[in-house]
Amino acid sequence: MLRHNSVLQRLDLRSCSDWLTDKELLPVIGQNHHLLHINLNSCVQLSRQSLVAISLSCPHLRNICLGHCEWVDCLSLRSLVDHCKHLEAVDLTACRQLKDDAVCYLAQKSRQIKSLSLAVNANISDAAVEETAKNCRDLEHLDLTGCLRVKNESIKTLAEYCTKLKSLKVKHCHNVTESSLGILRKRDVTLDVEPPLQRALVLLQDVVGFAPFINLQI
């Protein structure tokens, strides 16, 4: 059915990961030039060829999810950025081939991005976050979950440049502490890490089952 459709604007194939390969996807991409949203989350049997095809065929693309697609590499991401000039939301969760240079290129070329996930990638460091902050001033949502090399300095840069930021995920970023997160808390940015006192009270409840203090106003 999809092969004979040429007016698609949204393509969600996250439930097709068990069987979807380049062979099935390329014809669909090749004749649907008006796609705005593509979700390929966990489509592990695809290759960089599919992302290059999307780059060349979908110039109006605004939102793409490539979460857990470990075949995404620097060259294919560059192709996407070079040809899709209107990207606003990019999910690169667990795209572990990507390093700082690829994310920096994305930030420099796609300054209009509002939502970005770099989660679960130990290659990502402060360099990528700082470049994103300085270039993507309209950023509203950033997911850095499990980016172990990210530290306070880049979060402070994020706070300085991204004044429209609404949410930040930094769970399991062990080098990110309240010294940087506190700045964002004061601006009511939604964080997935609780303040230190709240964490201590919850831990106390979990360890000794001592609950009365949990209802204290913090």
Side-chain angles (χ1 to χ4, degrees), residues 1-107 109-110 113-125 128-129 132 141-150 169 171-173 192:
M1 180 177 69
L2 288 178
R3 290 190 179 190
H4 301 292
N5 196 324
S6 60
V7 294
L8 292 176
Q9 292 190 351
R10 184 181 296 269
L11 186 62
D12 190 339
L13 298 172
R14 57 187 158 177
S15 61
C16 306
S17 57
D18 291 340
W19 57 268
L20 185 68
T21 67
D22 293 340
K23 181 180 178 181
E24 289 80 29
L25 182 60
L26 291 177
V28 177
I29 296 299
Q31 62 189 36
N32 283 278
H33 304 292
H34 301 287
L35 281 164
L36 301 176
H37 305 269
I38 298 177
N39 190 338
L40 299 176
N41 187 62
S42 299
C43 290
V44 296
Q45 297 188 57
L46 297 177
S47 75
R48 60 186 294 190
Q49 186 178 358
S50 285
L51 189 53
V52 172
I54 290 171
S55 306
L56 298 176
S57 299
C58 306
H60 307 294
L61 191 66
R62 295 183 181 276
N63 186 323
I64 186 165
C65 177
L66 298 166
H68 304 278
C69 294
E70 296 199 31
W71 45 265
V72 176
D73 60 9
C74 180
L75 290 178
S76 58
L77 183 65
R78 279 177 174 255
S79 178
L80 179 73
V81 172
D82 287 339
H83 293 92
C84 299
K85 305 292 187 180
H86 307 288
L87 292 172
E88 294 181 354
V90 180
D91 187 341
L92 300 172
T93 300
C95 292
R96 294 186 180 91
Q97 287 197 58
L98 299 179
K99 299 182 180 180
D100 283 339
D101 57 342
V103 177
C104 290
Y105 191 81
L106 171 66
K109 296 289 186 177
S110 301
I113 282 182
K114 295 181 179 180
S115 179
L116 177 63
S117 176
L118 304 173
V120 199
N121 187 344
N123 295 319
I124 301 303
S125 75
V129 178
T132 299
H141 306 283
L142 179 61
D143 190 346
L144 299 173
T145 303
C147 293
L148 303 178
R149 297 174 61 199
V150 172
K169 294 182 178 181
K171 191 169 287 186
H172 307 303
C173 296
D192 64 343

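Here the structure is a predicted model, which means the values were calculated and not measured.
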Asks: Can any side-chain N or O of Asn41 pair as donor or acceptor with the backbone N or O of Cys65 at less than 3.5 Å?
Replies: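 Judged by distance alone, no pair lies under 3.5 Å.
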Asks: Flag the pair Leu106 / Leu92 as yes when at least one side-chain heavy-atom distance between them is below 4.5 Å, and no otherwise.
Replies: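 Side-chain contact under 4.5 Å: yes.
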Asks: Can you tell me how far NZ of Lys169 sits from CG of Leu144, rounded to the nearest 0.5 angstrom?
Replies: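 It comes to 11.0 Å.
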Asks: Tell me whether Asp100 contacts the main-chain N or O of Ser125 through its side chain, where contact means a donor paired with an acceptor under 3.5 Å.
Replies: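 Judged by distance alone, yes, a pair lies under 3.5 Å.
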Asks: Do Ile38 and Cys58 have side chains that approach each other closer than 4.5 Å (heavy atoms only, starting at C-beta)?
Replies: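 In contact.
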Asks: At their closest point, which heavy atom of Ala119 faces which heavy atom of Cys147, and how far apart are they?
Replies: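 Taking every non-hydrogen atom into account, CA-SG, 4.3 Å.
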Asks: List the steps and the verdict of side-chain contact (heavy atoms from CB on, under 4.5 Å) for Leu11 and Val28.
Replies: CA-CA 10 Å; Leu11 186 62; Val28 177; 4.2 Å; yes
Asks: Any chance you could measure Arg62, atom CZ, to His37, atom NE2, to the nearest 0.5 Å?
Replies: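 Reported value, rounded in 0.5 Å steps: 8.0 Å.
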Asks: Measuring from atom CG of Asn63 to atom CG of Leu35, what distance do you get when rounded to the nearest 0.5 angstrom?
Replies: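 If I round to the nearest 0.5 Å, the distance is 11.5 Å.
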Asks: Kindly compute the distance separating NE2 (His68) from OG1 (Thr93), expressed to the nearest 0.5 Å.
Replies: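 Output value for this atom pair is 5.5 Å.
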Asks: About how many Å separate CG of Leu36 and CD of Glu88, when rounded to the nearest 0.5 Å?
Replies: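 Spacing of CD (Glu88) from CG (Leu36) equals 9.5 Å.
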Asks: Flag the pair Leu118 / Leu98 as yes when at least one side-chain heavy-atom distance between them is below 4.5 Å, and no otherwise.
Replies: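 Leu118 vs Leu98: side chains apart.
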Asks: Looking only at heavy atoms, which two atoms of Arg96 and Val120 are closest? And how far apart?
Replies: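 It is NH2-CG1, 3.2 Å.
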Asks: If you look at every heavy atom in Leu87 and Ile113, which pair is closest and at what distance?
Replies: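 Reported closest heavy-atom pair: O-CG1, 3.6 Å.
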Asks: To the nearest 0.5 Å, what is the distance between OG on Ser117 and CG on Leu142?
Replies: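 Answer rounded to 0.5 Å: 8.0 Å.
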Asks: Nearest heavy-atom pair of Cys173 and Gly146: which atoms, and what distance?
Replies: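 Looking at all heavy atoms of both residues, the shortest contact is SG-N, 4.0 Å.
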Asks: For a 4.5 angstrom cut-off between non-hydrogen side-chain atoms, does Leu40 reach Ile54?
Replies: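 In short, these two side chains touch, coming nearer than 4.5 Å.
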Asks: Are Asp73 and Arg48 within salt-bridge range, i.e. N to O under 4.0 Å?
Replies: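 The answer is yes: the pair qualifies as a salt bridge.
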Asks: Strictly distance-based, threshold 3.5 Å: is any side-chain N or O of His33 a donor or acceptor partner for the main-chain N or O of Ser57?
Replies: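 Pair found, side chain donor or acceptor close to backbone of Ser57.
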Asks: Does Asn123 offer a backbone N or O that forms a donor-acceptor pair with the side chain of Arg149 under 3.5 Å?
Replies: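 Side chain of Arg149 to backbone of Asn123: a pair is present.
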Asks: Are any side-chain N or O atoms of Asp22 and backbone N or O atoms of Ser47, one a donor and one an acceptor, separated by less than 3.5 Å?
Replies: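 Present.
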Asks: Using a 6.0 Å cut-off, check whether atom NE2 of His172 has over 12 heavy atoms from anything other than its own residue.
Replies: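 No.
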Asks: Using a 4.5 Å cut-off on heavy atoms from C-beta on, say whether the side chain of His34 contacts that of Val7.
Replies: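 Side-chain contact under 4.5 Å: no.
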Asks: With a 4.5 Å limit on heavy-atom distance, are the side chains of Asn39 and Asp91 in contact?
Replies: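 No, their side chains stay 4.5 Å or more apart.
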Asks: Which pair of heavy atoms, one from Leu77 and one from Leu51, lies closest together, and at what distance?
Replies: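 For Leu77 and Leu51, the tightest heavy-atom pair comes out as N-CD2, 4.1 Å.
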Asks: Please give me the minimum heavy-atom distance between Ala128 and Cys104, naming the atom from each residue.
Replies: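 Closest heavy-atom pair between Ala128 and Cys104: CA-SG, 4.0 Å.
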Asks: Mind running side-chain contact (heavy atoms from CB on, under 4.5 Å) on Leu56 and His83 for me, showing each step along the way?
Replies: CA-CA 6 Å; Leu56 298 176; His83 293 92; 3.6 Å; yes
Asks: So does Asp18 get a backbone contact from the side chain of Gln45, meaning a donor-acceptor N/O pair under 3.5 Å?
Replies: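 Answer holds: yes.
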Asks: So, the side chain of Ser76 versus the backbone of Val72: is there a donor-acceptor pair under 3.5 Å, distance only?
Replies: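 Answer holds: no.
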